[in-house]
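To find a chain, count down the sequence lines: A is the first, B the second, and so on, and within it residues start at 1.
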Amino acid sequence: MIEDVNLAKTIIAKRIAREFKNNQLVNLGIGLPTMVTNYIPKDINVIFQSENGIIGMGPVAELAKENREITNAGGAYVTVMPYGCYFDSATSFALIRGKHVEYTVLGALEVDQEGSLSNWIIPGKKVPGMGGAMDLVVGAKNVIVSTLHTERGRSKILKKCKLPLTAKHVVNMIVTELAVFKVTSGGLFLSEYNKDSSIEEIRANTEADFIVVEEDLKVMDID
Amino acid sequence: MIEDVNLAKTIIAKRIAREFKNNQLVNLGIGLPTMVTNYIPKDINVIFQSENGIIGMGPVAELAKENREITNAGGAYVTVMPYGCYFDSATSFALIRGKHVEYTVLGALEVDQEGSLSNWIIPGKKVPGMGGAMDLVVGAKNVIVSTLHTERGRSKILKKCKLPLTAKHVVNMIVTELAVFKVTSGGLFLSEYNKDSSIEEIRANTEADFIVVEEDLKVMDID
Amino acid sequence: MFNKIISKEEISDLLKDDMTIMIGGFIACGTPERLIDIVLEKGVKNLTIIANDTAFSDRGLGRLITLRQVSHVIVSHIGTNPETGRQMFEGDLKVDLVPQGTLVERIRCGGSGLGGFLTPTGVGTIVEEGKQKITIDGVDYLLEMPIRAELALIYGSIVDKAGNVVYNATTRNFNPLMAMAADTVIVEAQKLVDIGEIQPELVMTPSPLITHIYAPEKQ
Amino acid sequence: MFNKIISKEEISDLLKDDMTIMIGGFIACGTPERLIDIVLEKGVKNLTIIANDTAFSDRGLGRLITLRQVSHVIVSHIGTNPETGRQMFEGDLKVDLVPQGTLVERIRCGGSGLGGFLTPTGVGTIVEEGKQKITIDGVDYLLEMPIRAELALIYGSIVDKAGNVVYNATTRNFNPLMAMAADTVIVEAQKLVDIGEIQPELVMTPSPLITHIYAPEKQ
């Protein structure tokens with residue numbers, strides 16, 4: 001296991017950053033997913049959507065250079081690229097539900113082998129609300145879950161989510177510091193593993209059942 | 001009867017023009033309804049909506065001064081007032097169906113005493129299509145039908161429309177060169193008559209049943 | 001010709017206990033802070049607030065929650081304001097959480113004369129509870145209903161004296177939708193300009209939707 | 001970075017018989033006339049056209065009807081083009097008439113991932129034939145369904161090289177909705193400008209929706 005949480009998160013962000021092609025429209029959730037922006041290959045232009053009304057979102061604004069009328073979906077002051085534009089929330093979710101966003105990357109409280117996801121509520125404890133997450137996972141062409149493989153020793157990738165769902169059967173790919181999984185109608189497939197880990201370690205730390213097809217298995221590209 | 005069709009139409013347009021209050025949003029159909037713009041009292045500012053995407057439509061553009069990117073719903077080149085703006089067709093009909101338009105004024109093939117209207121098709125003969133009419137009569141707060149009282153000697157105001165309907169039970173007011181009718185759940189009421197006509201003449205030329213409450217009856221204000 | 005400018009006192013007179021109010025903004029960006037000041041000053045109680053989120057306990061509409069003027073919120077997110085969660089767990093505040101895309105579309109629906117819409121969002125989750133499910137070509141959808149308010153308080157970056165509104169950058173968010181879905185709409189004009197100063201293509205809320213303009217700088 | 005400019009020949013290669021095509025414009029205002037030229041030149045047949053109207057027999061998409069390239073139109077109005085009515089009465093052209101507000105909302109729906117919507121428009125008329133009627137709080141609505149196309153041909157007054165589009169005045173009409181509801185979207189740029197020349201608030205169709213840009217002046 002990778003004990004250093006920051007290193008683990010960096011691995012996840014780096015791997016996800018390799019997933020995008022030129023000029024694809026991508027929506028990143030708050031937290032770990034936002035780290036992905038730091039590792040986009042230089043020859044790839046990714047267009048970031050922010051569901052509060054931006055296409056072409058740029059980096060966070062420098063201190064003392066903030067424009068109070070330009071924020072991201074987390075409320076932080078950001079910048080916008082020269083090719084960017086703004087729109088209202090109804091248009092934003094028309095774009096999201098209408099399959100115009102290529103990828104959405106979100107965190108998870110739980111994710112399962114059927115591609116269901118829980119990330120918006122722990123009843124009685126923590127109720128932040130779903131915000132735009134339910135629309136994003138239903139509407140984006142590809143749903144990537146970014147998550148540490150385990151939390152307090154327990155697998156985040158379950159046979160079946162126990163918390164209230166964000167959506168059912170929507171996740172396409174799960175990226176952790178140890179592995180990349182693909183969710184298909186035929187089950188959960190291990191498609192890549194961290195070369196510092198092993199299939200045995202992954203199996204020991206994953207509650208979900210997953211299938212390994214040796215000849216398709218690759219090492220995670222994170223260098 | 002008033003034999004001069006142009007005079008008849010002028011009477012209708014003049015009467016309808018008296019109906020509006022300051023800053024009300026009004027949509028006028030093509031043809032006779034458009035004539036209403038010529039008779040708006042000078043102290044009243046009426047804001048015209050054109051369903052192809054204008055609020056604040058002004059007069060038709062002068063010859064050789066047309067802007068080919070500014071047309072009305074009939075395809076004619078028009079002008080726009082300094083307080084005007086543009087929008088797309090989805091927004092236009094959101095405004096229309098959403099009861100944001102105070103009055104719509106339309107022509108009729110037939111109108112009936114229940115407030116139903118037929119104005120978009122004569123099956124097998126003339127099929128222009130409904131355009132925005134069905135949305136306008138369902139959505140506008142007030143629906144005024146402007147029509148000559150008779151056509152080829154036959155009443156335009158019927159007991160029941162025979163042609164395919166534009167909408168059922170939506171018309172609030174019918175203005176002809178002879179009379180003004182109000183449609184209520186209690187039936188069709190004659191509310192005004194042309195002082196050059198008479199209740200007898202109106203009755204003789206109207207197929208619909210209508211009620212006259214003598215003390216409420218007024219002379220049409222068209223001077 | 002247009003006479004829409006309204007004073008603080010006139011706005012105060014429009015506010016009543018038990019009102020349903022829509023408030024524009026997204027985590028306090030594009031929120032009419034000076035209009036919220038007036039609601040705070042008037043001290044009306046038992047409000048139902050429809051908004052994207054409850055902002056912060058000391059900024060945006062969260063201030064109304066902190067002062068316990070609100071009994072019910074219909075929002076997509078309360079995570080930025082711990083006070084909302086606290087009052088909810090204590091049973092003092094009813095919180096309806098609605099997916100953001102569904103919430104804004106319900107508001108659009110309420111302002112557009114539509115009776116509802118079918119969305120795939122929320123199917124198979126607790127969001128579907130109590131809702132009609134309609135299956136079309138093998139795909140399940142929830143029938144979601146329009147929502148309206150008595151009053152909408154919105155923010156406008158640039159407003160002309162007729163009531164045409166431009167929202168700069170991400171201040172647009174829920175504001176133009178709410179401007180269509182309330183009986184009375186008051187815009188807080190960050191900058192008030194003369195008629196003719198706004199390019200007509202740039203207008204995002206047409207003037208007839210605006211009932212009153214509040215221009216704090218002119219007070 | 002962006003490489004969306006496309007030639008006449010490349011567009012011609014995208015056109016096939018039997019295609020469903022959305023074409024922007026309102027009685028030939030805001031219509032991509034030069035893109036229609038290419039469809040005429042290619043001579044593809046048996047097209048289904050989705051548009052507000054059929055314009056004129058010698059202007060706008062009406063030209064495709066005159067040359068009998070179209071077998072089916074889905075529109076709100078055919079009154080300005082007598083040729084449409086003639087081919088319809090002769091049985092050569094299928095005409096589906098849809099109320100304008102319903103048509104544009106169906107297109108929006110098709111581009112927005114919604115499964116349908118409830119409208120009061122058309123209730124009690126022949127428009128309701130074959131449709132599900134849903135009654136809510138005593139009011140009848142028709143359930144109307146989304147509509148999409150393989151290709152959308154739209155007009156843009158100002159287009160930047162990323163594909164951001166501004167529609168001047170009333171050229172906007174159906175164009176921004178159609179840009180969301182087709183698998184491939186080609187915009188005819190009246191004026192092509194560099195990235196950064198368009199105010200980001202003024203963009204009416206965001207660049208990712210545009211597949212290809214055709215700039216006749218650059219040919």
Is the number of heavy atoms from other residues, nucleotides or ligands under 6.0 Å of [X] [atom1] greater than 12?
X: K4(C); atom1: NZ; answer: yes
X: K94(C); atom1: NZ; answer: no
X: E62(A); atom1: CD; answer: no

Part of [X] within contact of chain A (heavy atom distance under 4.5 Å):
X: T119(C); answer: side chain
X: P99(C); answer: both
X: F89(C); answer: side chain
X: Y167(C); answer: neither
X: M88(C); answer: side chain
X: R59(C); answer: side chain
X: T84(C); answer: neither
X: L177(C); answer: side chain

Interatomic spacing from [atom1] in [X] to [atom2] in [Y] - rounded to 0.5 Å:
X: T171(C); Y: N52(A); atom1: OG1; atom2: CG; value: 10.5 Å
X: M178(C); Y: D88(A); atom1: CE; atom2: CG; value: 11.5 Å
X: T121(C); Y: D135(A); atom1: OG1; atom2: CG; value: 3.5 Å
X: W120(A); Y: I126(C); atom1: CH2; atom2: CD1; value: 3.5 Å
X: I54(A); Y: T170(C); atom1: CD1; atom2: OG1; value: 5.5 Å

Among [options], which residue has the highest count of heavy-atom pairs closer than 4.5 Å to chain A?
options: G85(C), G79(C), S76(C), A169(C); answer: A169(C)
options: A55(C), S157(C), A28(C); answer: S157(C)
options: V98(C), T54(C), V75(C), I107(C); answer: V98(C)

Which region of T166(A), side chain (C-beta onward) or backbone (N, CA, C, O), has a non-hydrogen atom less than 4.5 Å from a non-hydrogen atom of chain C, or is it both or neither? backbone

Whatever's closer than 4.5 Å to a heavy atom in chain C on A94(A) counts as neither

Of all heavy-atom pairs between R97(A) and P120(C), which one has the smallest distance, and what is that distance? CD-CD, 4.4 Å

Who among [options] has the most heavy-atom pairs with chain C under 4.5 Å?
options: G74(A), S89(A), G129(A); result: S89(A)
options: A167(A), G53(A), A90(A), S118(A); result: A90(A)
options: M130(A), K126(A), H169(A), K168(A); result: M130(A)
options: V80(A), T91(A), L165(A); result: L165(A)
options: G139(A), P128(A), P164(A); result: P128(A)

Do any of residues 127-145 of chain C come closer than 4.5 Å to chain A, heavy atom to heavy atom, and if so which ones, in number order? V127(C)

Tell me whether R172(C) contacts the main-chain N or O of Y86(A) through its side chain, where contact means a donor paired with an acceptor under 3.5 Å. yes

Non-hydrogen contacts under 4.5 angstrom with chain C: give the residues of residues 64-71 of chain A involved, or none if there are none. R68(A), E69(A), I70(A), T71(A)

